[in-house]
Amino acid sequence: MTEKKLQNRIALVTGASRGLGAATAEWLAAQGAHVVAVARTVGALEELDDRIQAKGGATTLAPMDVTDEGAMAHLCRGIHDRWGRADIWVHTAIHVTALTPAPHITAKDLDKNIATNIRATSRLIAMVDPLIAPSDMATAVFFDDYGTEKFPGPYAMSKAAQRALVQSWRAESEKTGPRVALLKPEPMATATRARFFPGEDRSALADTHAEAARLLAPLF
């Protein structure tokens with residue numbers, strides 16, 4: 001039997017319960033990786049686990065919020081203690097607020113976007129960098145997106161800051177590692193997309209599983 005190309009690799013997927021995150025977790029597991037799946041929704045994680053196990057894959061479920069720095073630090077320590085490292089980190093966890101005109105943005109919506117899309121990403125980079133450093137495949141994957149110019153203020157602003165942070169890390173680690181990838185999926189039929197484009201013809205949108213395979217296969 002031919003060994004799968006990610007056999008014995010450890011892949012951490014933050015934001016793994018739905019959409020591109022779930023599709024990414026399933027693709028990595030299909031390639032042989034043991035997936036540590038992080039998300040807040042227990043039921044969706046269990047459904048993901050069922051799908052992966054049905055195809056012979058393996059997961060460790062971590063139902064937690066990426067904004068909980070203590071919980072995420074404990075998880076990274078647990079991965080280190082169990083496996084000695086992770087090889088791959090895929091970050092898809094985001095917070096999306098309702099579309100709002102710029103003058104009407106509330107402090108609550110602003111703070112939630114900053115907490116998840118900026119602060120949590122920054123703290124996770126600090127935690128995961130030493131976790132994947134020992135791997136000869138050390139790779140961190142992030143996703144950019146297609147947005148709309150009107151009304152996504154808090155989300156668009158926080159994603160722009162996240163993008164700048166990832167681009168900085170990518171430039172800083174180009175020679176020393178880890179490999180940092182910032183990928184741009186085609187517009188997909190996700191719940192996030194539906195928030196931005198209500199009433200859109202979803203039949204023309206890309207499938208999350210197809211996008212996960214298209215984007216990740218060249219990396220591994």
Side-chain angles (χ1 to χ4, degrees), residues 1-64 66 86-96 116-117 121 124 128 132 137 139-148 155 159 162-163 166 179-220:
M1 185 176 184
T2 304
E3 185 175 280
K4 296 178 180 179
K5 57 184 176 179
L6 295 181
Q7 198 74 39
N8 300 319
R9 298 294 186 174
I10 309 302
L12 172 64
V13 181
T14 41
S17 60
R18 297 187 178 92
L20 184 59
T24 294
E26 291 180 61
W27 186 89
L28 291 166
Q31 309 310 311
H34 183 105
V35 175
V36 180
V38 179
R40 291 180 300 175
T41 309
V42 175
L45 280 178
E46 291 175 341
E47 291 171 3
L48 171 69
D49 185 47
D50 289 342
R51 294 194 301 272
I52 288 176
Q53 289 201 37
K55 296 180 180 179
T59 60
T60 295
L61 303 184
M64 56 185 63
V66 295
D87 301 286
I88 301 162
W89 172 36
V90 180
H91 184 58
T92 66
I94 57 170
H95 181 80
V96 180
T116 300
N117 302 340
T121 302
L124 282 168
V128 175
I132 62 177
M137 189 186 276
T139 303
V141 180
F142 301 85
F143 297 99
D144 211 344
D145 56 17
Y146 292 86
T148 173
Y155 172 75
K159 281 295 290 185
Q162 184 187 86
R163 182 186 309 116
V166 171
R179 174 176 53 167
V180 177
L182 181 59
L183 309 177
K184 194 161 188 175
E186 292 297 321
M188 298 172 292
T190 63
T192 299
R193 176 83 184 182
R195 296 278 293 275
F196 289 159
F197 299 95
E200 181 181 33
D201 178 9
R202 292 169 71 81
S203 66
L205 300 176
D207 174 74
T208 54
H209 290 85
E211 282 302 281
R214 182 183 71 83
L215 293 167
L216 295 177
L219 294 178
F220 308 108

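As the structure is a computational prediction, the values presented were derived from the model and not from experiment.
Residues that satisfy the side chain to side chain contact (heavy atoms under 4.5 Å, CB included) test with Arg202, not counting sequence neighbours, are Ala189, Ala194, Leu205. By the side chain to side chain contact (heavy atoms under 4.5 Å, CB included) test, Ala29 pairs with Val35, Ile52, sequence neighbours left out. Looking at residues two or more places apart in sequence or on another chain, you find no side-chain hydrogen bond (donor to acceptor under 3.5 Å, both in side chains) involving Trp27. With sequence neighbours left out, Thr208 forms a side chain to side chain contact (heavy atoms under 4.5 Å, CB included) with Ala23, Met188, Thr190. Shown here are the salt bridge (charged side-chain N to carboxylate O under 4.0 Å, His left out) partners of Arg9, two or more places apart in sequence or in another chain: Asp87, Asp136. For Ala30, the side chain to side chain contact (heavy atoms under 4.5 Å, CB included) criterion is met by no residue, not counting sequence neighbours. Under the salt bridge (charged side-chain N to carboxylate O under 4.0 Å, His left out) criterion, Arg163 pairs with Asp144, not counting sequence neighbours.
Applying the salt bridge (Lys or Arg N to Asp or Glu O under 4.0 Å) definition to pairs two or more places apart or across chains, those involving residues 44-57 are Glu26-Arg51. The ring pair (Phe, Tyr, Trp, His ring centres under 6.0 Å) contacts involving residues 201-220 comprise nothing, where partners must be two or more places apart or lie in separate chains. Residue pairs that meet the ring pair (Phe, Tyr, Trp, His ring centres under 6.0 Å) test with at least one member in residues 36-63, sequence neighbours left out, do not exist here. Applying the side-chain hydrogen bond (donor to acceptor under 3.5 Å, both in side chains) test to pairs two or more places apart or on separate chains, those with a residue in residues 30-39 are His34-Thr60. Screening residues 209-220 for salt bridge (Lys or Arg N to Asp or Glu O under 4.0 Å), with sequence neighbours left out, gives Glu211-Arg214.
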